[in-house]
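Just follow the structure's listing: the first ligand is 1, and inside any ligand the first atom is 1. Nothing here was measured: the structure is a model prediction, and the numbers come from that model.
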Amino acid sequence: MAQPTHERVRRSIAQAQTIVVKVGSSSLTKPSGHLDPAKLDALVAALACARLQGARIVLVSSGAIAAGFGPLGFERRPADIATQQACASVGQGLLMARYEVSFSRFGIRVGQILITAEDTIRATQYHNAQRTLDRLLDLGVVPVVNENDALANNEIRFGDNDRLSALVANIVRADALVLLTDVDALYTAPPSQPGSKKIDFVPDVERALNEVKVAGSSSGVGTGGMVTKLEAAHMAAVSGIPAVLTCAANAGPALMGDPVGTAFAPIKRRGSSRRLWIKFASHPRGVLVVDTGAAQAVRAGRASLLSAGVLEVRGDFSAGDPIWIDDESGKHIAKGLSGYDSEEIPRMLGRNTAQLRRFFGDEYAHPLVHRDNLVLV
Ligand SMILES: Nc1ncnc2c1ncn2[C@@H]1O[C@H](COP(=O)(O)OP(=O)(O)O)[C@@H](O)[C@H]1O
Ligand SMILES: N[C@@H](CCC(=O)OP(=O)(O)O)C(=O)O
C-alpha cells in the first residue's frame with residue numbers, strides 16, 4: 001500500500017463512518033478524584049455533533065477509578081488493587097450516570113460495555129462483544145466501553161484503556177481511532193523536557209516507536225502515559241486504521257479532520273482481528289521450542305508449525321490458548337494459538353503427519369499451530 005500523505009490521513013478521519021474515541025481519566029476528572037462535569041459535557045457535545053451528522057461512535061472511556069476515589073474519601077488514587085477495584089465499581093456508575101444525562105441533551109442513548117482482556121482473547125467472547133457492539137451502533141446508540149476493572153484479573157488486565165481502544169477499533173472495524181488525553185499532541189520527548197518538539201504526522205509508527213522518547217503518566221489519575229498510546233496507534237496502524245492523538249478539548253476539530261494533534265498513518269491493509277489480538281493482547285501460557293528448520297520456516301512466513309520440528313513443550317495450557325514459539329536459543333520468534341492441550345503434545349513431538357495419523361488417529365494429524373493462528377513477533 002502506498003504511504004498515505006498527512007492530508008490524506010486527515011481526510012480519511014474526516015470521512016470515517018465508524019469512529020472509536022478513547023478518552024483518558026485526566027480529561028474527565030479532577031485531581032481530587034471526582035468527575036469534572038464541565039469537561040465531560042464538552043467532550044460529549046463534540047461526540048454528539050459527529051453522531052448527529054451520521055457517524056457511528058464508540059466511546060472508550062477511562063475514569064472509573066479516578067471518579068470513584070474522591071467520593072470514597074481517598075485523597076489520591078489508591079495503589080492497592082482491591083481498593084482500586086472498589087473505586088472503579090463506584091466510579092463506573094457515576095461515570096455512566098453522567099454520560100447518560102449529558103448525551104440525553106442531544107437525544108442520544110448510551111450503552112455500557114465492560115470488557116476484560118479475556119473477551120478480546122477468546123474467540124467466542126470476542127464475537128459476542130462484536131455482535132453486541134454492532135447492534136448498538138445499528139440502533140444509533142453510543143456504546144461506552146471500559147475495562148471491567150471491578151472484576152478484572154490483575155495478571156491479565158490491560159490496566160490502561162489505550163490498547164483496549166485499539167482492539168475495540170478492530171472489533172467494530174472502525175475507520176478511525178481518536179485518542180484524547182491531557183496533552184495536545186505527541187512530542188519528540190515528554191513535553192516537560194526542554195527542547196521537545198510537537199509531531200504533527202507520523203507516517204510510520206514502527207519507526208516512531210524507536211525514535212520518540214516517551215514516558216508513563218504523570219497526571220496522578222491516568223496510568224499508561226504515552227507508551228501505551230503509541231502502542232495503541234501501532235495496533236491501529238497494523239489494522240489499517242488511521243489514528244489521531246490530541247487533547248480532549250480538540251475532540252471536535254480532530255473528528256472533523258482538522259490538523260490538530262498528531263495523526264498516524266495506517267501501515268497495512270486491514271488484517272484479521274484474530275491476528276491482532278494474538279500479537280498484541282494475548283498472554284502466552286506456554287512455549288514450544290522449535291528446531292532450526294522449523295524456526296526458518298516460521299520466520300519465512302505463512303508456514304504452519306508441525307510437530308516434526310518441535311523439540312520441547314513448556315507450560316500448562318489448553319488447545320486454543322496463546323503460546324510462544326521460541327528458537328533453540330530461547331528467542332521468541334512467533335506467538336500462536338496451540339492446536340492441542342500441552343499434555344497431549346510430548347508424544348507428538350518429532351513425528352511427521354503420516355506417523356501421527358498412523359499412531360494416534362486423524363485428530364492428531366494437524367499442525368501444532370496452524371498458520372492462520374500464528375503471528376511473527
Ligand atoms: N513524548 C511524549 N509526548 C507527549 N506526551 C508525553 C510523552 N511522553 C510522556 N508523555 C506524557 O503522557 C501523558 C498522557 O498520558 P496519561 O496521563 O496516561 O493520559 P490519559 O489519562 O489521558 O490516558 C502526558 O500528560 C505527558 O506528560
Ligand atoms: N479502566 C480504568 C482506566 C485506568 C486509567 O487510568 O486509564 P488512562 O486514564 O486511560 O491512562 C478506569 O476507568 O479507571
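- Residue contacts with ligand 2 do not include Lys229, since none of its heavy atoms lies under 4.0 Å from the ligand.
- For ligand 1, the atoms lying closer than 4.0 Å to a non-hydrogen atom of Ser25 are 21 (O).
- For the atom pair CZ of Arg314 and CD1 of Ile323, the computed distance is 12.0 Å after rounding to the nearest 0.5 Å.
- Residue Arg77 has at least one heavy-atom neighbour below 4.0 Å for each of these atoms of ligand 2: 6 (O).
- Atom numbering of ligand 1 starts at 1 in the shown order; those under 4.0 Å from a heavy atom of Asp182 are 13 (C), 14 (C), 24 (C), 25 (O).
- Taking the ring axis of Phe360 as reference, the NZ or CZ atom of Arg347 stays within 45° of it and closer than 6.0 Å to the ring centre.
- When side chains are defined from C-beta on, Lys335 does not count as touching Leu376, because their heavy atoms never get closer than 4.5 Å.
- Atom CD of Glu7 is surrounded by 12 or fewer heavy atoms from other residues, nucleotides or ligands within 6.0 Å.
- Within the structure, ligand 2 has Lys22 among the residues with a heavy atom less than 4.0 angstrom away.
- The residue among Leu164, Asn161, Asp162, Ile65 with a heavy atom at the shortest distance from atom 14 (O) of ligand 2 is Ile65.
- For the pair Thr181 and ligand 1, the shortest N or O to N or O distance falls below 3.5 Å.
- In this model, no donor atom of one side chain and acceptor atom of the other lie less than 3.5 Å apart for Arg131 and His127.
- Residue Lys213 touches ligand 1 through its backbone alone, judged by heavy-atom distances below 4.0 Å.
- For Asp162 and Lys229, the salt-bridge test passes: some basic side-chain N is under 4.0 Å from an acidic carboxylate O.
- Residue Ser26 approaches ligand 1 through these ligand atoms, each under 4.0 Å from one of its heavy atoms: 21 (O), 22 (O).
- Contacts with ligand 1 closer than 4.0 Å are made by side-chain heavy atoms of Lys22 only, the backbone lying farther away.
- Proximity of Ala88 to ligand 2 is not established, as no heavy-atom distance is less than 4.0 Å.
- Between Ser192, Ala189, Ala185, it is Ala185 that holds the heavy atom closest to atom 4 (C) of ligand 1.
- Close contacts of ligand 2 with Asp149, meaning ligand atoms under 4.0 Å from a residue heavy atom, involve 1 (N), 2 (C), 12 (C), 13 (O).
- Contacts between Ser27 and ligand 1, counted as non-hydrogen atom pairs separated by less than 4.0 Å, are absent for every part of the residue.
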Worksheet item: Between Glu100 and Arg98, does a salt bridge (charged side-chain N to carboxylate O under 4.0 Å, His left out) hold up when you go through it step by step?
Response: CA-CA 5 Å; Glu100 173 64 41; Arg98 191 68 222 178; over 6 Å; no
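- Residue-to-ligand polar distances place Tyr187 within reach of ligand 1: an N/O pair is separated by less than 3.5 Å.
- Atom NZ of Lys198 is surrounded by more than 12 heavy atoms from other residues, nucleotides or ligands within 6.0 Å.
- Atom CD of Glu75 has 12 or fewer neighbouring heavy atoms from other residues, nucleotides or ligands inside a 6.0 Å radius.
- Between Val287 and the choices Ile325, Val313, Asp326, the side chain to side chain contact (heavy atoms under 4.5 Å, CB included) rule is met once, by Asp326.
- For atom 3 (C) of ligand 2, the nearest non-hydrogen atom from the set Ala66, Ser26, Ser61, Ser62 comes from Ser62.
- Annotation: Tyr340 is in aromatic contact with Tyr364 [ring centroid separation under 6.0 Å].
- Of the listed residues (Gly24, Ser25, Gly63), the one carrying the non-hydrogen atom nearest atom 6 (O) of ligand 2 is Ser25.
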